[in-house]
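Report on the following structure.
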Amino acid sequence: MKKNNRVYGIIGIGAYMANFNADLSGYPKTTAGNDIFGSDKALKYPMKRMWLIEGDSILYIKSMKNSEGSDKMQPRDLNERYTLLFGSLDEKTSSKEVLGNLFSAVDVMNFGATFAEKKQNISITGAIQINQGFNLYKDTNVLTQDILSPFRNSNEKSEEKLASSMGTKIVTDEAHYVYSFSVNPANYQDFIGLAENFEGYTEEAFEKFKKAARVATTAFNTNSKSGCENELALFVELKEDSELFLSNLDRYITIQKHGSNTLYDLSKLAEVLKPYLKEIKSIELYHNPITVEVNFGSLPCVVQSIF
């Protein structure tokens, strides 16, 4: 079923002795002012992995193949990934068919795509836009751990190559990233009629995003992401005829400790939304009821467990 109304919200990610999004040096990503943040890609990747495991078509994700004439593996390029999912793509393939195939992938339906292959030049601004997620916890410390490998490094020179190699793991002791997002189905209005079997952004695609926004990071349990978990998700759904446009909601959120728990303070956001409640269809708040407390002030929201 087609979705017509816009949605705004936030996603809160906690990182405990973990590195949610590292830069090329291995340290958590920071701005020039040393504010720790996570990219939208860091949040989207666990979502794509979850959808992939659930059997959905995902186009923009790394996959491997054996290179021609060799037993060594290499990543597929975009054309090869498209061909794997939808069949061969050549210069005679119609744009209508390509568009239809692109929108059948859940990641493209939600986040959009830039596709330039075989004389196809297609740019899709995603219905869902996710901003950079800043760490709003002020007492975060970055820790460096030395790790001893069980193997020697034969590439080292002189006596060092006789010893076991050393590695480093860099983590934050505790960080809380807050991402703002918006959902605007109207971004796809121009593609209706141009793509095969496409009628616009769907409620089904939104529900998949909504689930991933609650649990995907927790489910993605790699070495660096172990200790990273979904803590909170807020969805502010507007009415279909609403003319309200909201700025990034994360600027109205503060985070601090309350005993051993983490307190998300949404009271300022409640005051911002208070004059516009007649424009809002519903407000849903999900959080971890065991470790996260929420001060939502006068915000008229339905509160549920993030689990």
Glu204 atom CD, over 12 foreign heavy atoms within 6.0 Å: no
Does the side chain of Asn131 pick up a donor-acceptor pair with the side chain of Ser180 at under 3.5 Å? no
In terms of heavy-atom contacts, does NZ of Lys65 have more than 12 from other residues, nucleotides or ligands at under 6.0 Å? yes
Between the side chains of Lys257 and Thr262, is a donor N or O closer than 3.5 angstrom to an acceptor N or O? yes
Ser104 versus Ser57, closest heavy-atom pair with distance: O-CB, 4.2 Å
Rounded to the nearest 0.5 angstrom, the CE-CE distance for Met47 and Met50 is 8.0 Å
Applying the side-chain contact (heavy atoms from CB on, under 4.5 Å) criterion to Thr254, which one of Val178, Leu136, Leu269, Asp265 satisfies it? Asp265
Keeping Asp107 on the side-chain end and Ile58 on the backbone end, is there a donor-acceptor pair under 3.5 Å? no
Hphob cluster co-occupancy, Val303 + Ile280, side-chain heavy atoms under 4.5 angstrom: yes
How many angstroms lie between CZ in Phe220 and NZ in Lys48, if you round to the nearest 0.5 Å? 12.0 Å
For Ile170, does its backbone N or O pair with a side-chain atom of Asn19 as donor and acceptor, under 3.5 Å? yes
Are Phe307 and Leu234 in one and the same hydrophobic cluster, where Ile, Leu, Val, Met, Phe, Trp and Tyr link if side-chain heavy atoms are under 4.5 Å apart? no
Do you know which of Phe235, Phe111, Tyr8 makes ring-ring contact (aromatic ring centres under 6.0 Å, His included) with Phe181? Phe235
Within the side chain of Thr172, is there an N or O that forms a donor-acceptor pair under 3.5 Å with the backbone of Ala18? yes
Linking I/L/V/M/F/W/Y whenever their side-chain heavy atoms sit closer than 4.5 Å, directly or via other members, would Tyr177 and Leu232 fall into one cluster? no
Within a reach of under 6.0 Å around CD of Gln145, are more than 12 heavy atoms found that belong to other residues, nucleotides or ligands? yes
What I want to check is whether the side chains of Thr114 and Tyr60 have a donor and an acceptor closer together than 3.5 Å. no
Is Trp51 reaching over with its side chain to a backbone N or O of Lys208, donor-acceptor style, under 3.5 angstrom? yes
Charged N-O contact under 4.0 Å between Lys211 and Glu54: yes
Should Lys29 and Ile36 count as side-chain neighbours, where that means a heavy-atom distance under 4.5 Å? no
For the student: nearest non-hydrogen atoms of Gly200 and Met109, plus distance: O-CE, 3.9 Å
Using only atom types and a distance under 3.5 Å, with no angle test, would you say the side chain of Glu271 pairs donor to acceptor with the backbone of Lys268? no
Tell me if a side-chain donor or acceptor on Ser282 pairs with a main-chain N or O of Glu237 at a distance below 3.5 Å. no
Sequence neighbours excluded, the answer for ring-ring contact (aromatic ring centres under 6.0 Å, His included) partners of Phe86 is Tyr82
With Tyr137 via ring-ring contact (aromatic ring centres under 6.0 Å, His included) - residues at least two apart: His176
Ring-plane angle category for Phe191 and Tyr188, please: parallel below 30°, perpendicular beyond 60°, tilted otherwise. perpendicular
With side chain to side chain donor-acceptor pair (under 3.5 Å) as the test, would you mind laying out the steps for Asn187 and Thr125 before giving the verdict? CA-CA 6 Å; Asn187 285 355; Thr125 300; 5.9 Å; no
Does Arg214 make a cation-pi contact with Tyr286, if we ask for NZ or CZ under 6.0 Å from the ring centre and within 45° of the axis? yes
Spell out, yes or no, whether Ile130 and Val183 are grouped together once hydrophobic residues are joined by side-chain heavy atoms under 4.5 Å, including indirect joins. yes
Roughly how far, to the nearest 0.5 Å, is CG of Leu99 from CZ of Phe198? 8.5 Å
Working to the nearest 0.5 angstrom, can you tell me the gap between Arg6 CZ and Leu244 CG? 6.5 Å
Any donor and acceptor pair, going by atom type alone, linking the side chain of Asn230 with main-chain N or O of Ala213 inside 3.5 Å? yes
For atom CE of Met64, is the number of surrounding heavy atoms from other residues, nucleotides or ligands below 6.0 Å larger than 12? yes
Look up atom CZ in Phe206 and atom CG in Asn110, then write down how far apart they are to the nearest 0.5 Å. 9.5 Å
Donor-acceptor pair, Asn248 side chain versus Asp250 backbone, under 3.5 Å? no
Side chains of Asp90 and Thr93: is there a donor and an acceptor less than 3.5 Å apart? yes
Can you measure from CD1 (Ile13) to CD (Glu231) and round to the nearest 0.5 angstrom? 8.0 Å
Quick one: do the Ser182 and Asn184 side chains pair a donor with an acceptor below 3.5 Å? no
Is the backbone N or O of Leu263 less than 3.5 Å from a side-chain atom of His258, with the two atoms forming a donor-acceptor pair by type? no
Side-chain heavy atoms of Thr218 within contact of Ile306, under 4.5 Å: no
Before accepting this row, confirm whether a basic side-chain N of the pair Lys3/Glu207 lies closer than 4.0 Å to the acidic partner's carboxylate O. no
Linking I/L/V/M/F/W/Y whenever their side-chain heavy atoms sit closer than 4.5 Å, directly or via other members, would Leu89 and Leu59 fall into one cluster? yes
So, Asp173 side chain and Asn141 main chain: donor-acceptor pair closer than 3.5 Å or not? yes
